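Reviewing the structure listed below.
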Amino acid sequence: MTASATFRARYLLPVARPPLENGMVVAGVGIIRYIGPFDAARIEGKLTDLGEAVLMPGLVNAHCHLELGGLKGKLDAARGFVDWLRQLLSLRGGQTPESVRESVLNGLAEARRSGVLAVGDISTDGLSKAVLEGARARGVVFREALGLLPGRALSAWQEVEAFLEAAWGERLKPGLSPHAPYTAAPSLYRRLGEAAGRRGIPLATHLAETREEIEFLQTGGGSLGEFLKERGFVPAGWKSPARSPVRYMESLGLLKKRGIAVHGNYLDSEEIELLARSGWGVVFCPRSHRFFGHERHPLPELLQAGVPVALGTDSLASSGSLDLFEEMREGFRQHPAIPPEQWVRMATRTGARLLGLNDLGSLADGQSADMIAVSYAGGDVYENVLQADPPSCFFLTTGAHRSKPEERG
Ligand SMILES: [Zn+2]
């Protein structure tokens, strides 16, 4: 029995290089051994001719919360972000560990059906790691940490330490996520930042997401401040940093190491420059952005400044599905001047890079053979991918420990 497999397609889309017509990929034990023009002499193992299709790397959802899947369609943002937070906290109370595990499993299956082969998943309950491991998922599990109150911040840190000490395999990597500047104390940010830097693992935080967050950081007040105080989340004598979100991160020393700013909806030009210089990336979640009715995302300015921007779905509490094709299309609707090629790169290579999964997100010799194929209907290849209907998208994965490719319809 041979461990190799060969795929031919009308187009290969390596992402790191221009599309290639009539190309082939030879994969062995989950790794790409050859990619180039079709050449019958190079076929190894079984040949799968995908015909009129575009063969490309699996998509990377750089920001999701699979544990929140059970909240799909149950929240609305009609009365703003703070009211949405209120709904979220109340509905989360009704979840059980079993229902959360089921949400993670269902979310992963849904993501895979739409061509997502790696996730950056935020785990608030600490439950998704075991479920994702059991399902042989690839990606990063970010342990979320919340606590403005000193006692809560300390216990959150202890949970993070236990999470880091756990056993980690090849397919799933740990990451750390101080939730947001309005829920994580400076001490928690510093500790998580240092731990992530020391271990060389990714750090992600919700940043500059809402006008309410910015007001709270500047003044300690506003509707978000009122809400947090009402819930008893703000320590007595707490002083606002009186800084914008990115400058606040800088003052905590967080910009010395790489990080991921999730959303980055409200950034001024100086903050964009700070992100660019520090090597931080941003994850843009177009449908969640629309759900909350945010102002135009500074995506063009971020890209112009050289900030890597990846795509995420965010949770089903603010988005209709975990389909990253839908995310690319919605982003393109919001920013039609940004070409299809850029959206495809954001949904593949940039996401993989921000998550530190450097063997994913592009097709090249030595890269993982985690690939998807979408049907090709003619015209520009990138445009085809952007308009691909998920039902016509199928994926092939020759996961690192598998010897044979697996096809799913
Ligand atoms: Zn989020």
Side-chain angles (χ1 to χ4, degrees), residues 60-77 80-89 91-92 95 100 103-104 107-108 110-111 116 118-128 132 139-146 156 175-184 188-189 192 202-214 224 245 249 259-267 280-294 297 299 309-324 326-327 330-331 346-347 351 354-355:
V60 179
N61 183 349
H63 179 72
C64 56
H65 301 250
L66 297 178
E67 291 174 353
L68 297 180
L71 305 183
K72 180 176 177 174
K74 292 185 178 164
L75 291 83
D76 69 76
F81 179 72
V82 172
D83 181 70
W84 177 88
L85 267 185
R86 207 180 281 279
Q87 297 170 53
L88 181 75
L89 290 181
L91 287 168
R92 279 186 64 95
Q95 294 188 300
V100 170
S103 294
V104 175
L108 181 70
E110 186 188 336
V116 168
V119 293
D121 184 37
I122 306 285
S123 175
T124 312
D125 298 316
L127 296 172
S128 71
L132 293 176
V140 173
V141 178
F142 289 92
R143 186 67 166 94
E144 189 165 65
L146 293 99
L176 297 180
S177 182
H179 170 257
Y182 55 90
T183 51
L188 201 48
Y189 263 104
L192 265 63
L203 178 116
T205 188
H206 296 92
L207 201 68
E209 182 178 3
T210 63
R211 289 268 180 219
E212 288 87 342
E213 171 193 337
I214 290 167
L224 184 57
M249 291 298 107
I260 301 169
V262 177
H263 302 302
N265 296 334
Y266 299 95
L267 301 167
W280 271 50
V282 166
V283 179
F284 176 36
C285 305
R287 285 185 300 168
S288 182
H289 196 88
R290 189 189 60 192
F291 176 84
F292 286 110
H294 289 304
H297 192 275
L299 174 67
V309 182
L311 285 184
T313 57
D314 214 352
S315 80
L316 292 177
S318 63
S319 185
S321 76
L322 296 162
D323 184 337
L324 213 59
E326 284 292 345
E327 223 58 69
E330 174 58 27
M346 287 161 66
L354 289 188
L355 296 178

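Just so it is clear, the structure is predicted and the values come from calculations on it, not from any experiment. All ligand and atom numbering here is 1-based and tracks the order in the structure.
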query: So which of Glu213, Glu209, His263, His206 actually passes side-chain contact (heavy atoms from CB on, under 4.5 Å) with Pro245?
result: Glu213
field: Polar protein atoms (N, O or S) that approach the Zn ion (ligand 1) to under 2.8 Å
entry: His63 NE2, His65 NE2, His206 NE2, Asp314 OD1
- prompt: At their closest point, which heavy atom of Gln87 faces which heavy atom of Asp76, and how far apart are they?
  reply: NE2-O, 2.8 Å
message: Tell me every residue that passes side chain to side chain donor-acceptor pair (under 3.5 Å) with Ser103, counting only those two or more places apart in sequence or in another chain.
response: none
- prompt: Going by the salt bridge (charged side-chain N to carboxylate O under 4.0 Å, His left out) test, which pairs reach into residues 282-292, not counting sequence neighbours?
  reply: Arg287-Glu327, Arg290-Glu330
field: Partners passing side chain to side chain donor-acceptor pair (under 3.5 Å) against Ser128 (at least two apart in sequence or in another chain)
entry: Asp121
- prompt: What distance separates Trp84 CH2 from Leu89 CG, expressed to the nearest 0.5 Å?
  reply: 9.0 Å
